[in-house]
Amino acid sequence: MKTRQDCLALDAADALAPLRQQFDLPEGVIYLDGNSLGARPKAALERARDVVAAEWGTDLIRSWNKAGWFDLPGRLGAKLAPLIGARADEVVVTDSTSVNLFKALTAALRLQSAETNRKVIVTERANFPTDVYIAQGIAAWLDRGYELRLVDSPDDLHAAIDTRTAVVMLTHVNYRTGYQHDMQAVTAHAHAQGALMLWDLAHSAGAVPVDLHAAQADLAVGCTYKYLNGGPGAPAFIWVPQRHQAQFAHPLSGWWGHATPFAMQPEFAPTQGIRRALCGTQPIVSLALVECGLDIFAQTDMAAIRAKSLALTDLFIELVETRCAAHPLTLVTPREHARRGSQVSIAHPHGYAVMQALIERGVIGDYREPHIMRFGFTPLYTRFVDVFDAVETLTDILDHARYDADAQRDAVT
């Protein structure tokens, strides 16, 4: 079992360690919740001041041209593209993940509309709830006989995808368990059945290597406020490969997706390329902050990030299972590297109370039903010694029952 000194030595040898200095992390806090909200890049504060004070405050409306506000969704998309195996002209940062998922799913169904027998949307019951809700809403409101087919295990996916399937919609890394799908294999099977493949990369982008082109995926969405460190509620992204762009269309045909938006024509005429995935006026202040996180990724690569992520999660699992073996903890996250994202989920009968005790002691993770404590590991700023100290704190809380089993739930967990 590794000692704290061993962990300090790992940090000293870590090529990614200097990147931690580019984040504003509070003293006395071990932050293991980057899978829910990434830490703030130090550059974000000055960038926000510049947007508000200079670009908005001084240049006012001229900043749509002078500061490049109008082109910001595409410019950010081009910076994000290498992280997901996309081309620079295939991604825009815009709207929320839910809105982008609505666009992508309706577009996929439209692409399949000639196949009259294809009425099934396949996803997991354990998918992030909003993804399921969006699909339910589309099936109900389109009222064209669409059916949502929910599978209870990744093992059931193969049989669930058949010749009636229009779209398979999956989250690459499960938000609760950290289970990672084999993107290439699942996509290939969906295509073999004639279905389109839509991936949600909310827990993948910036955390694990993704190559949408190698997998031959059809559409993808994801958020920027988790591992990409874009800020709370930061705009999401949508990917439409070049091969689908000419046929890509969705019901939210707003003026930013118009071929000539400032002609103010009464009829919608979609623009060419990825900008047709845009809808309305962009939230410039929050959009601008996304660039601060993306600029840090440009200083490394996903192979280095993945190697450290697996080392951090391996260490955490080893220490928890060694130090806390006497307690009723259940590892929920897969041990197999190929099936693991960048988080470790552990169940405990009093998981919520234990997590609250950890947070009070400065170790911040989060909680998901049922009984699951989630710990996210962001290689850009998480240290090996953070892992050791977090497990030390968890061990003390469990060994001495330093938690309130009757703790009242917060509104956000």
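This chain uses plain numbering: 1 for the first residue, then up along the sequence.
- For Arg144, the CZ atom counts as loosely surrounded, since its 6.0 Å shell holds 12 or fewer non-hydrogen atoms of other residues, nucleotides or ligands.
- Interatomic distance, SG of Cys7 versus CG of Leu319, reported as 6.0 Å (0.5 Å rounding).
- Using the six-membered ring where Trp is involved, Trp256 and Phe70 have ring planes that are tilted, between 30° and 60° apart.
- Atom NE2 of residue His203 and atom OG1 of residue Thr177 lie 10.0 Å apart, to the nearest 0.5 angstrom.
- Between the side chains of Thr393 and Asp396, no donor-acceptor pair is found at a separation under 3.5 Å.
- Counting heavy atoms from C-beta outward, Pro235 and Ser286 have side chains that approach closer than 4.5 Å.
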Quick one, Ile138 with Leu109, criterion side chain to side chain contact (heavy atoms under 4.5 Å, CB included). Give me CA distance, side-chain angles, the key distance, then yes/no. CA-CA 10 Å; Ile138 288 172; Leu109 293 173; 3.7 Å; yes
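- Rounded to the nearest 0.5 angstrom, Leu358 CG and Ile397 CD1 are separated by 4.0 Å.
- We find that Arg323 and Asp399 are not joined by a salt bridge, their nearest charged nitrogen and carboxylate oxygen being 4.0 Å or further apart.
- Judged purely by atom type and a 3.5 angstrom limit, Arg335 has no side-chain atom pairing as donor or acceptor with the backbone of Ile317.
- Ion pair Asp386/Arg20 flagged as a salt bridge, since at least one NZ, NE, NH1 or NH2 atom sits closer than 4.0 Å to an Asp/Glu carboxylate oxygen.
- Residues Arg164 and Glu147 are paired through a salt bridge, judged by an N-O separation under 4.0 Å between the basic side chain and the carboxylate.
- Annotation: side chain of Leu111 is not in contact with side chain of Asp218 (no heavy-atom distance under 4.5 Å).
- Using a cutoff of 4.0 Å between basic side-chain nitrogens and carboxylate oxygens, Arg383 and Asp11 are not scored as salt-bridged.
- The main-chain N or O of Asp50 is never found under 3.5 Å from a side-chain atom of Glu55 such that the two would form a donor-acceptor pair.
- Smallest separation of non-hydrogen atoms from Tyr403 and His348: OH-CE1, 3.8 Å.
- Judged purely by distance below 3.5 Å, without hydrogens or angles, the side chains of Gln242 and Asp89 pair a donor atom with an acceptor atom.
- Checking side-chain atoms of Asp6 against main-chain N and O of Thr3 turns up a donor-acceptor pair under 3.5 Å.
- At distances below 3.5 Å, not a single donor-acceptor pair connects side-chain atoms of His172 with backbone N or O atoms of Ala205.
- In this structure, the side chain of Thr333 engages the main chain of Ser345 through a donor-acceptor pair within 3.5 Å.
- Annotation: His158, atom NE2; neighbour count of heavy atoms from other residues, nucleotides and ligands within 6.0 Å does not exceed 12.
- Taking the six-membered ring where tryptophan is involved, the planes of Tyr352 and Tyr367 are perpendicular, since the angle between them exceeds 60° and thus also 30°.
- Panel note: side chain Gln245, backbone Val240; a donor-acceptor pair is recorded below 3.5 Å.
- Surrounding NZ of Lys42 are more than 12 heavy atoms belonging to other residues, nucleotides or ligands, all under 6.0 Å away.
- Under the 3.5 Å distance criterion, with hydrogens and angles disregarded, a donor-acceptor pair is assigned to the side chains of Arg340 and Thr313.
- Glu90 has no carboxylate O lying under 4.0 Å from a charged side-chain N of Arg243, or vice versa, which leaves the two without a salt bridge.
- The backbone N or O of Pro379 sits less than 3.5 Å from a side-chain atom of Lys308, completing a donor-acceptor pair.
- The shortest distance between side-chain heavy atoms of Val186 and Leu170 falls below 4.5 Å.
- In this structure, Glu124 does not pair ionically with Arg176, as no charged nitrogen and carboxylate oxygen lie closer than 4.0 Å.
- Contact of the Phe237 side chain with the Val92 side chain is not registered, since no non-hydrogen atoms from C-beta on lie closer than 4.5 Å.
- Put simply, the side chain of Asn100 never gets that close to the backbone of Gly222: no donor and acceptor are under 3.5 Å apart.
- Enclosure of atom CD in Glu369 by more than 12 non-hydrogen atoms of other residues, nucleotides or ligands within 6.0 angstrom is indicated.
- When all heavy atoms of Gly365 and Asp33 are compared, the closest pair comes out as O-OD2, 3.6 Å.
- Asp162 and Arg149 are joined by a salt bridge, as a carboxylate oxygen and a charged side-chain nitrogen come within less than 4.0 angstrom of each other.
- Pairing each heavy atom of Ala249 with each of Arg110, the nearest pair is CB-NH1, 3.6 Å.
- Judged by distance alone, the side chain of Arg276 and the main-chain N or O of Thr271 form a donor-acceptor pair under 3.5 Å.
- Side-chain atoms of Val363 and Leu394, non-hydrogen and from C-beta on, never get closer than 4.5 Å to each other.
- In the displayed structure, Tyr133 atom OH is contacted under 6.0 Å by at most 12 heavy atoms of other residues, nucleotides or ligands.
- Residue Ile359 holds its CD1 atom at 8.0 Å from CG of Asp410, rounded to the nearest 0.5 Å.
- What you find for Gln112 and Ala195 is that their closest heavy atoms are NE2-CA, 3.7 Å.
- Panel note: side chain Thr378, backbone Leu380; no donor-acceptor pair is recorded below 3.5 Å.
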Run the side chain to side chain contact (heavy atoms under 4.5 Å, CB included) test on Phe297 and Leu228 for me, step by step, so that the C-alpha distance in whole Å, both residues' side-chain angles and the decisive distance to 0.1 Å come before the verdict. CA-CA 8 Å; Phe297 279 92; Leu228 297 179; 3.8 Å; yes
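- Across every non-hydrogen atom of Val344 and Phe377, the tightest pair is CG2-CE1, 3.8 Å.
- Taking the six-membered ring where tryptophan is involved, the planes of Trp69 and Trp64 are perpendicular, since the angle between them exceeds 60° and thus also 30°.
- We find the OG1-OH distance between Thr382 and Tyr31 to be 10.0 Å, quoted to the nearest 0.5 Å.
- A 4.5 Å side-chain heavy-atom check between Cys279 and Val99 finds every atom pair outside the cut-off.
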Would you sort out whether Ile84 and Leu201 count as a side chain to side chain contact (heavy atoms under 4.5 Å, CB included), showing the intermediate values? CA-CA 9 Å; Ile84 58 173; Leu201 305 178; 3.8 Å; yes
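- For the pair Phe128 and Ser98, the minimum side-chain heavy-atom distance is 4.5 Å or more.
- With rounding to the nearest 0.5 angstrom, the CG atom of Asn127 is 9.0 Å from the CG atom of Leu150.
- Contact of the Val91 side chain with the Ile274 side chain is not registered, since no non-hydrogen atoms from C-beta on lie closer than 4.5 Å.
- Across all non-hydrogen atoms, the minimal contact from Leu37 to Gly231 is CD1-C, 4.0 Å.
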